[in-house]
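Computation of the quantities below employed the complete heavy-atom set of this structure, encompassing side-chain atoms and omitting hydrogens, waters and symmetry-equivalent molecules. A note on names: the letters A, B, ... follow the listed sequences, proteins ahead of strands, and every chain is numbered from 1. Quick caveat: nothing in here was measured; it's all calculated off a predicted structure.
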2 protein chains.
Amino acid sequence: MSVSKTIPVAWQRTHDHGQCIAGAIDAAARICESRGIRLTPLRRRVLELVWENHKPVGAYGLLDELKREHSSAAPPTIYRALDFLMEQGFVHRIQSLNAYVGCNDPGHSHKGIFLICNDCGDALEIEDKGVANTIDRFASRLGFLLTSQSVEAAGLCPGCQEA
Amino acid sequence: MSVSKTIPVAWQRTHDHGQCIAGAIDAAARICESRGIRLTPLRRRVLELVWENHKPVGAYGLLDELKREHSSAAPPTIYRALDFLMEQGFVHRIQSLNAYVGCNDPGHSHKGIFLICNDCGDALEIEDKGVANTIDRFASRLGFLLTSQSVEAAGLCPGCQEA
DNA sequence: TCAGCTTTTGTTATCTTATATCGTAACGGC
DNA sequence: GCCGTTACGATATAAGATAACAAAAGCTGA
């Protein structure tokens, strides 16, 4: 894969999928192993499908793909798998899109930021402590006990601005 | 309204609704006036309904309330009104709840943070430049052109922790 | 090994949220 | 008063998510 000079590398990371999928699945498998839980064929396949789309995908999009090879699949099939994958931190849900995307860095804190392109639909996950810490400070100042947070920003990615 | 000593005042702001509704409607009316757009009776009523619930409300919840007095209301009625109110910055959408809430401070930047209580369902809007600026910096560093952002944190508010 | 438990998946139905589409009515400038 | 624009009415349907219960698969220990 060649890297354009006009587009920051960090943005392109999302597009660099070829080998990433296998890596992500392997990582998930190892994590499951170490946690003593089961990455069943179904769950593994859904995780693959999430990664094979290089963009956030809706649950029913995944379901359509899964049905091609697994005709018994129904909405609960997908949602159960996604719930599992999210609990384990392998997949993120993009709230503003009702869509799901593979986590670049499972095992980590999951307090990332998503930059979502309104044109091409791609989403870049940024790991950052700064925003999360600011939110933490606000919460504790107000006596609020945090359990999760979601930071999403939408706009136009470098590639789509050119067009 | 009395202010508990164990709960930070800022959190309680959300609950102080009595006079706020009229104020919010008036503010919206003035802003519409100055922008040369129309706060029709329907739109005004939907804005009131949003405020009358002191928590984020779903579109179909609003629709049920609207139907009582306006039997012709249907989903598009509510969604059109909400779209208008959001465009004008009078109402926020809470992505993680698919729900809508009045904006404490229309006319302002709309780069707030929401702290959402998983127990009582209340949402506190915090105006903060820090998080927004951090996101802006990330975006411009990556060449991303921002148009909107959504920062939501969930957990337990002070009141619900006591229980 | 197989009985009994836990976890996962199958199956059907239903619920919630949101849009598409097309027709009609109200408003506002000229 | 005409006419373009904007707003609303009405129906249908898409899209997203969950409830509830049955069946199968995997694990565990006698």
Side-chain angles (χ1 to χ4, degrees), chain A residues 28-29 32-33 35-47 49-50 53 55-88 90-101 118 121 150 152, chain B residues 28-29 32-33 35-47 49-50 53 55-88 90-101 118 121 150 152:
Chain A
C32 285
E33 177 89 35
R35 290 180 187 166
I37 53 182
R38 293 191 294 164
L39 187 64
T40 64
L42 195 56
R43 289 164 173 174
R44 171 190 288 261
R45 187 69 191 115
V46 171
L47 182 55
L49 289 173
V50 169
N53 290 274
K55 307 191 174 171
V57 222
Y60 279 67
L62 291 167
L63 177 55
D64 288 342
E65 294 171 19
L66 186 60
K67 269 182 178 164
R68 292 202 200 108
E69 62 206 45
H70 192 93
S71 60
S72 72
T77 316
I78 282 291
Y79 283 104
R80 287 193 280 231
L82 287 173
D83 285 347
F84 172 86
L85 296 169
M86 285 190 291
E87 265 167 33
Q88 302 307 322
F90 303 152
V91 162
H92 288 291
R93 177 187 162 84
I94 311 275
Q95 308 275 12
S96 55
L97 300 176
N98 294 330
Y100 305 84
V101 68
N118 286 325
S150 143
E152 298 174 13
Chain B
C32 284
E33 176 90 36
R35 290 180 186 166
I37 54 181
R38 293 190 292 160
L39 186 64
T40 64
L42 195 57
R43 290 166 172 174
R44 170 189 288 261
R45 187 68 191 114
V46 171
L47 182 55
L49 288 173
V50 169
N53 290 274
K55 307 190 174 169
V57 222
Y60 280 68
L62 291 167
L63 177 56
D64 288 342
E65 294 171 17
L66 185 61
K67 269 183 179 163
R68 292 202 199 105
E69 62 206 44
H70 193 94
S71 59
S72 72
T77 315
I78 282 291
Y79 282 103
R80 286 194 280 232
L82 287 172
D83 284 346
F84 171 85
L85 296 169
M86 285 190 293
E87 265 168 33
Q88 301 306 322
F90 304 151
V91 162
H92 289 290
R93 177 187 163 84
I94 311 276
Q95 309 275 10
S96 54
L97 299 176
N98 293 330
Y100 306 84
V101 68
N118 287 325
S150 145
E152 298 176 13

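- Across Ser96(B) and Glu152(B), no two heavy atoms sit closer than the pair OG-OE1, 2.6 Å.
- In this structure, the side chain of Arg45(A) does not engage the main chain of Leu66(A) through any donor-acceptor pair within 3.5 Å.
- In this structure the side chain of Arg93(A) never reaches within 4.5 angstrom of the side chain of Val101(A), judged on heavy atoms.
- Counting only heavy atoms from C-beta outward, the side chains of Leu39(B) and Phe84(B) approach each other to under 4.5 Å.
- Shortest non-hydrogen contact noted between Gln95(A) and Ser150(A) is CG-OG, 3.7 Å.
- Nearest approach of Pro56(B) to Ala99(B), heavy atoms of both residues: CB-CB, 3.7 Å.
- Here the OH atom belonging to Tyr100(A) is positioned 14.5 Å from the CG atom belonging to Leu47(A), to the nearest 0.5 angstrom.
- Using a 4.0 Å cut-off on heavy atoms, the residues of residues 36-44 of chain A that approach DNA chain C are Arg38(A), Thr40(A), Leu42(A), Arg43(A), listed by number.
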Go through Leu62(B) and Leu82(B) one step at a time and tell me if the side chain to side chain contact (heavy atoms under 4.5 Å, CB included) criterion holds. CA-CA 10 Å; Leu62(B) 291 167; Leu82(B) 287 172; 4.0 Å; yes
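- Between the two ends of the helix from dT1(C)-dA30(D) to dC30(C)-dG1(D), each summarised by a five-pair axis, the helix axis turns through 30° (rounded to 10 degrees).
- Candidate nucleotides dC22(C), dG16(D), dT12(C) were compared by shortest atom distance to the side chain of Asn98(A), and dG16(D) ranks first.
- For the pair Ile78(A) CD1 and dA15(D) P, the interatomic distance rounds to 16 Å; values are reported in whole Å.
- Per the geometry, CD belonging to Gln95(B) stands 17 Å off C1' belonging to dT16(C), to the nearest Å.
- Between Met86(A) atom CE and dT18(D) atom C1' there is a gap of 13 Å when expressed in whole angstrom units.
- With the nearest nucleotide of DNA chain D identified for both Gly58(A) and Tyr60(B), Tyr60(B) has the one nearer the 5' end.
- Shown here for Met86(B) and Val91(B), the closest heavy-atom pair between the two residues is CG-O, 3.4 Å.
- Residue contacts shown for Tyr100(B) are limited to sugar-phosphate atoms, with no base heavy atom under 4.0 Å away.
- A side-chain contact (heavy atoms from CB on, under 4.5 Å) with Ile78(B) is found for exactly one of Leu42(B), Asp83(B), Asp64(B), Val46(B), namely Val46(B).
- Taking 4.0 angstrom as the limit, Arg80(B) places none of its side-chain polar atoms (N or O) nearer than this to OP1 or OP2 of dT21(C).
- Spacing between atom CG of Leu97(B) and atom P of dT16(C) amounts to 16 Å, rounded to whole angstrom units.
- Residues from residues 61-75 of chain B that place a heavy atom under 4.0 Å from any atom of DNA chain D, listed by number: His70(B), Ser72(B), Ala74(B).
- A donor-acceptor contact under 3.5 Å is not formed by the side chain of Tyr79(A) with the base of dA19(D).
- The minimum heavy-atom distance linking Thr77(B) with Ser72(B) is given by the pair OG1-O, 4.3 Å.
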